[in-house]
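The structure appears below as structure tokens.
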Number of protein chains: 2
Amino acid sequence: MSKNLTTIQKNIFEFIVDQKIMKGIPPTLAEISNKFGYKNRATAQQHLIAIEKKGYIKKSPKLSRAIEITVEEKFFIPRPILGEVAAGNPLTIYPDAIDSIELPTIVRMPLDSFLLRVKGDSLKDAYIFSGDVVIVNPNHEAQNGHIIVAVLDDAAVVKRFYKRKDRIELVSENPEYKTIVINKNYLKFKIVGVVVGIYRSLEKKVG
Amino acid sequence: MSKNLTTIQKNIFEFIVDQKIMKGIPPTLAEISNKFGYKNRATAQQHLIAIEKKGYIKKSPKLSRAIEITVEEKFFIPRPILGEVAAGNPLTIYPDAIDSIELPTIVRMPLDSFLLRVKGDSLKDAYIFSGDVVIVNPNHEAQNGHIIVAVLDDAAVVKRFYKRKDRIELVSENPEYKTIVINKNYLKFKIVGVVVGIYRSLEKKVG
DNA sequence: TATGTTGCCATACAAATGTATGGTATTATT
DNA sequence: AATAATACCATACATTTGTATGGCAACATA
């Protein structure tokens with residue numbers, strides 16, 4: 001039962017997540033204190049206790065930097081991913097694209113791959129469901145049949161990719177959604193990457 | 001120009017990468033020493049110096065756990081799959097690793113968990129399919145509604161778990177398979193662990 | 001008014017941590 | 001044969017780190 005964090009607690013929490021992603025390691029109490037101008041570590045310590053009490057983190061006693069992020073939502077940090085998409089509202093939805101993805105969700109990524117959370121069920125026949133996390137590799141050439149992430153008119157879609165002689169087809173597995181056809185000279189289309197894996201966390205979904 | 005690591009150095013390097021992925025933080029000298037049975041931290045320290053000299057890591061002096069991986073981080077790391085479990089009819093479990101999978105480093109797998117490959121489709125209404133790899137945590141108490149792995153008469157099954165007053169029910173999501181009921185005094189039943197995550201690789205499934 | 005939460009400070013201390021230095025033995029490499 | 005690299009141990013030391021405790025002020029709530 002995680003209560004809401006206060007503004008300061010939220011800032012500290014986000015600093016921790018940030019450090020984890022950017023530097024690879026969570027900060028020490030001293031580093032948190034330094035960041036927020038505290039003159040001693042006890043202040044940071046007390047904030048961590050409060051944040052832990054609210055269920056956002058979990059600390060291992062006596063171990064340095066042992067701060068675990070327990071709230072799954074916070075595992076995903078708002079962060080501009082793609083220049084083109086992030087420039088506008090990343091969540092803008094193309095009128096005809098029924099399924100969209102939450103773009104602002106990167107985790108500490110080796111190379112430049114990233115995670116996207118899928119919304120919508122147009123890929124449910126490919127066993128990808130709303131809420132699943134797809135792992136996208138941008139350094140991967142899209143081949144026919146691959147499931148790809150693409151930007152189409154400022155909206156992002158996850159579809160199965162087919163390259164034809166004169167056009168590209170983006171197919172939904174779900175027959176309810178019709179195939180999107182893109183002509184070769186259509187400019188507002190770009191392949192973001194190839195979906196190389198799917199991950200689904202089951203820990204919270206207790207029915 | 002990174003030279004080759006010795007066997008021991010490579011083991012230590014991989015332990016560091018492993019810890020970073022699994023626990024979220026790199027290890028301390030003491031933790032490395034403990035892992036490899038060293039009686040003092042100096043040994044681990046000297047190995048780190050050697051590994052750094054070869055260009056695989058970068059350490060920030062005086063900072064705990066501040067080990068940075070400078071070599072192109074692996075996107076996938078091999079993990080052993082310990083066996084197969086049946087989502088439909090029970091299937092034999094194998095004593096040793098039967099296979100390994102390249103698990104994306106972003107799929108955070110708790111250190112005490114292991115992987116099993118699912119066979120059968122009795123959980124397909126829970127969106128788990130044959131060929132999927134489930135992440136199983138043995139140190140996780142099974143609660144009603146959890147999807148668990150259990151051993152039943154020397155066979156392993158993946159089912160949804162419900163504890164009733166006088167019995168345990170293992171339910172398939174797929175109505176084709178009927179619920180398994182276990183009486184309290186039935187001995188040849190043991191819960192192996194709770195499924196905390198699912199991973200599915202898409203790379204090979206190119207149609 | 002009383003009480004609890006929040007936010008920050010100071011001091012103190014044991015344990016953990018990184019670092020430095022010297023030693024021994026084994027195994028390449030030249 | 002001489003040298004360097006590897007692999008481990010022991011001891012020592014200054015910092016860092018987490019933790020504990022007490023105090024103070026602002027504010028909201030009961």
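What's counted below: heavy atoms across the whole structure, side chains too, no hydrogens, waters or symmetry copies. Residue numbers begin at 1 in each chain, while the letters A, B, ... track the order of the sequences.
- Using a 4.0 Å heavy-atom distance criterion, R41(A) is classed as a base contact.
- When the side-chain nitrogen and oxygen atoms of T28(B) are compared with OP1 and OP2 of dA16(C), none of them lie within a distance under 4.0 Å.
- Between the R160(B) side chain and the G145(B) main chain, a donor and an acceptor come within less than 3.5 Å of each other.
- Between the side chains of K159(B) and S172(B), at least one donor N or O lies within less than 3.5 Å of an accepting N or O.
- Closest to the side chain of N40(A), out of dC8(D), dT17(C), dC9(C), is dC9(C).
- Dashed line: the shortest gap from a side-chain N or O of T6(A) to OP1 or OP2 of dG7(C) is under 4.0 Å.
- Using a 4.0 Å heavy-atom criterion, one finds that Q46(B) contacts the bases of the nucleic acid, with or without backbone contacts as well.
- One finds a salt bridge joining E169(B) and R164(B) here, because a Lys/Arg side-chain nitrogen approaches an Asp/Glu carboxylate oxygen to under 4.0 Å.
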Decide yes or no on side chain to side chain contact (heavy atoms under 4.5 Å, CB included) for I148(B) and V158(B), but give the supporting numbers first.
-> CA-CA 6 Å; I148(B) 62 151; V158(B) 188; over 6 Å; no

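- For H47(B) and F36(B), the gap between ring centers reaches or exceeds 6.0 Å.
- In terms of position along DNA chain C, the nucleotide closest to F36(A) lies nearer the 5' end than the nucleotide closest to the other residue of the pair F36(A) and P61(B).
- At the heavy-atom level, T43(A) lies under 4.0 Å from base atoms of the strands shown.
- Here dT19(C) is the nucleotide among dG7(C), dT19(D), dT19(C) with the atom lying nearest to any side-chain atom of K59(B).
- Rounded to a whole Å, the NZ atom of K39(B) is 12 Å from the P atom of dC8(D).
- Residue H47(B) places its side chain closer to dA7(D) than to any other of dG18(D), dC9(C), dA7(D).
- Remark: K54(B) is not in phosphate contact with dA5(D), judged by side-chain N or O atoms under 4.0 Å from OP1 or OP2.
- Taking each heavy atom of I32(A) and A44(A) in turn, the nearest pair found is CG2-CB, 3.8 Å.
- Between dT17(C), dC9(D), dT21(D), one nucleotide has an atom nearer to the side chain of A42(A) than all others, and that is dT21(D).
- Across the helix from dT1(C)-dA30(D) to dT30(C)-dA1(D), the helix axis at one end is tilted relative to the axis at the other end by 30° (nearest 10 degrees, each axis from five pairs).
- Distances from the side chain of I8(B) to the nucleotides dC9(D), dT17(C), dA7(D) place dA7(D) closest.
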